[in-house]
Amino acid sequence: MSGLSGVAPAPPSDDILYGFVPDPARGRFLDARMHHELAASLSHLAEASAATPDVAAPLADAAQRLAAGQLVGPEAFARYFQIAAQLLADEPSGLPEHLAALTREIATPRGGLTVMPRGGAGELDALMDLRMGAEAADFAPSSAAKAEALKARLAEAFALMKQALPDLHGELTAITHRVVAAEGRKDSKFQFDGASHYQFWGMLLLNPAFHPTRLALAEVLTHEISHSLLFGLTIDAPLVFNPDDALYPSPLRADDRPMDGIYHAAYVSARMAWAMENLAASPHLTPEERTDALNRAAEDRANFAAGYSVVEADGDLSDAGAAIMSRAAAWIAAPH
C-alpha cells in the first residue's frame with residue numbers, strides 16, 4: 001500500500017504454521033502478521049479518507065508507527081474496528097475522540113501481561129461494550145480483589161507451563177498480553193469460563209469463579225490460545241465454507257452452533273488433551289494433579305471425538321482448515 005513502508009513477515013513452513021504442537025516461532029509470526037495487517041488496514045483507511053485530513057492524518061501516523069515495529073495491545077486492534085465501522089457507515093459521531101484514543105494506544109508500548117477486572121479495565125471496558133453489543137453483558141464486572149486472586153493463580157499456571165510446557169508457554173506469551181477478569185451474567189443459564197475475540201487480539205477473558213488451581217488455569221489458557229491461533233491463521237481464508245446459519249451439535253456447548261464453532265471446539269479440545277497429557281508426563285505435578293490432568297485429558301479427547309465426527313461428516317473445509325485439522329486428528333490417533 002502506498003504510504004506504508006512495513007514489510008509483511010515471512011511465514012514459516014506449513015509444518016510449523018499449521019502444526020499441531022505448540023511453537024513459539026509461530027506465535028511470534030502470527031503476532032507480527034496481525035500487527036502488519038492492522039498497519040495495512042489503517043493505511044487503507046487513511047488513503048480512503050484523504051479528503052478529510054483530520055481523519056487521514058492520525059490513521060496514517062498510526063499505520064507508520066506499526067510499520068516501524070511498534071507492538072500494541074488489544075485496545076488498538078478493537079479501536080481500529082470501531083473507527084472502520086463508523087467510517088464505512090458514514091457515522092461521524094464521536095470519531096475525533098476515537099481517533100485521539102487510537103493515537104494514544106498506538107503510541108503506548110504494549111508491555112507485559114496485565115490482569116484487570118471487567119469494570120476496571122479502562123478503555124477495554126468501553127470497547128467491549130461498543131464492539132460486542134448485547135453480548136458484552138455476558139461478561140459482567142468483577143472485583144479488584146478477585147482479579148488480584150486470579151493474577152496470583154495465573155502466575156502459578158504460567159510458571160508451571162514455563163517449566164513443563166515451554167513451547168506452549170512461548171506461544172501463549174507471544175500473543176497474550178491482557179487478561180480481563182469477568183463474571184457471568186447472573187440471569188444467564190450458561191456461565192462462561194473463558195473467552196477470546198478476534199477483534200481484541202492479545203486479550204483473554206477469564207471468569208475467576210472457575211479455574212481454582214494452576215492445572216485448571218493451564219488448561220483454559222491452552223483452550224484460549226488455541227482459539228487465538230485459529231483467529232491468526234484465518235485472516236486470508238476461513239476454516240470452513242459452511243454457511244453461518246447452518247447449525248450443528250457442539251461438543252462443548254448445549255446449543256447447536258455453526259460449523260466454524262464446531263471446528264474451533266474440536267481443535268481446542270485436542271490441544272487441551274495435548275497439554276494435560278504432557279503435564280501428566282512431566283515431573284512437575286503432584287500425584288493428585290497428575291490424576292486430575294489425565295482425567296481432564298480423557299474428557300478433552302472425548303470432546304474432540306464428538307466435534308471431529310461432526311466436522312468430518314458435514315464440514316466444508318478450506319485448504320487451511322483441512323491442513324490444521326488433519327494434524328490435530330493425526331496427533332489424537334497416534335499412540336502416546
Side-chain angles (χ1 to χ4, degrees), residues 22 112-121 124 128 137-166 168-169 171-173 175-197 203-228 251-254 264-265 268-304:
L113 181 72
T114 304
V115 182
M116 57 191 73
R118 175 85 161 120
L124 280 175
M128 286 174 62
D138 292 335
F139 307 106
S142 189
S143 68
K146 289 181 180 179
E148 281 299 309
L150 177 64
K151 182 178 179 179
R153 295 200 303 277
L154 277 169
E156 294 178 358
F158 273 94
L160 173 63
M161 295 170 77
K162 189 173 183 178
Q163 280 185 309
L165 307 173
L168 179 58
H169 177 271
E171 195 175 69
L172 172 65
T173 54
I175 293 173
T176 303
H177 298 277
R178 300 280 191 283
V179 174
V180 176
E183 301 185 25
R185 196 168 60 183
K186 300 298 186 256
D187 60 350
S188 176
K189 291 168 59 178
F190 307 107
Q191 295 289 313
F192 89 98
D193 58 358
S196 47
H197 195 290
M203 181 186 84
L204 299 182
L205 287 153
L206 294 178
N207 189 334
F210 295 83
H211 328 301
T213 68
R214 63 177 188 163
L215 189 65
L217 274 170
E219 186 178 42
V220 76
L221 288 169
T222 305
H223 180 132
E224 296 306 334
I225 192 57
S226 300
H227 281 305
S228 292
L252 299 184
R253 294 270 290 266
H264 268 256
V268 304
S269 294
R271 291 254 301 182
M272 288 190 290
W274 179 94
M276 292 298 101
E277 290 179 12
N278 278 273
L279 280 174
S282 80
H284 302 290
L285 299 189
T286 67
E288 293 78 14
E289 286 178 320
R290 186 166 293 109
T291 298
D292 186 14
L294 291 173
N295 288 337
R296 289 173 182 271
E299 184 176 350
D300 295 330
R301 281 180 171 270
N303 286 334
F304 173 81

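Since the structure is predicted, the reported quantities are computational estimates derived from the model, not experimental observations.
The CE atom of M203 sits 9.5 Å away from the OG atom of S228 when rounded to the nearest 0.5 Å. Put simply, CD on E171 and CG on L165 are 11.0 Å apart, with the number rounded to the nearest 0.5 Å. From L279, atom CG reaches atom CD of Q163 across 10.5 Å, with rounding to the nearest 0.5 Å. The distance from atom NE2 of H177 to atom CG of L204, rounded to the nearest 0.5 Å, is 10.5 Å.
With sequence neighbours excluded, no residue forms a side-chain hydrogen bond (donor to acceptor under 3.5 Å, both in side chains) with R290. For A147, the side chain to side chain contact (heavy atoms under 4.5 Å, CB included) partners are P117, A181, not counting sequence neighbours. Under the side chain to side chain contact (heavy atoms under 4.5 Å, CB included) criterion, A293 pairs with L215, M276, A280, L285, sequence neighbours left out. Applying the salt bridge (charged side-chain N to carboxylate O under 4.0 Å, His left out) rule to R178 yields the partners E75; only residues at least two apart in sequence or on another chain are considered.
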Can you give the donor-acceptor pairs under 3.5 Å from side chains of residues 151-159 to other protein atoms, not counting sequence neighbours?
{"unit_1": "R153", "atom_1": "NE", "unit_2": "H211", "atom_2": "O", "d": "3.1"}
{"unit_1": "R153", "atom_1": "NH2", "unit_2": "P208", "atom_2": "O", "d": "3.3"}

Could you go through residues 216-226 and list every donor-acceptor pair under 3.5 Å that involves a side-chain atom there, pairing it with any protein atom two or more places apart or in another chain?
{"unit_1": "E219", "atom_1": "OE1", "unit_2": "R296", "atom_2": "NH1", "d": "2.6"}
{"unit_1": "T222", "atom_1": "OG1", "unit_2": "A218", "atom_2": "O", "d": "2.7"}
{"unit_1": "H223", "atom_1": "NE2", "unit_2": "H227", "atom_2": "NE2", "d": "3.0"}
{"unit_1": "E224", "atom_1": "OE1", "unit_2": "S196", "atom_2": "N", "d": "3.4"}
{"unit_1": "E224", "atom_1": "OE1", "unit_2": "S196", "atom_2": "OG", "d": "3.0"}
{"unit_1": "E224", "atom_1": "OE2", "unit_2": "A195", "atom_2": "N", "d": "3.2"}
{"unit_1": "S226", "atom_1": "OG", "unit_2": "T222", "atom_2": "O", "d": "2.7"}
{"unit_1": "S226", "atom_1": "OG", "unit_2": "R271", "atom_2": "NE", "d": "2.9"}

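Residues L205 and M128 meet the side-chain proximity criterion, which asks for heavy atoms closer than 4.5 Å. The shortest distance between side-chain heavy atoms of E289 and R214 falls below 4.5 Å. Residues V180 and F139 fail the side-chain proximity criterion, which asks for heavy atoms closer than 4.5 Å. Put simply, the side chain of T173 does not reach to within 4.5 Å of the side chain of L113, judged on heavy atoms.
Closest of all the heavy-atom pairs between D193 and F210 is CB-CG, 3.7 Å.
Counting non-hydrogen atoms of neighbouring residues, nucleotides and ligands closer than 6.0 angstrom, the CD atom of E299 reaches no more than 12 such neighbours.
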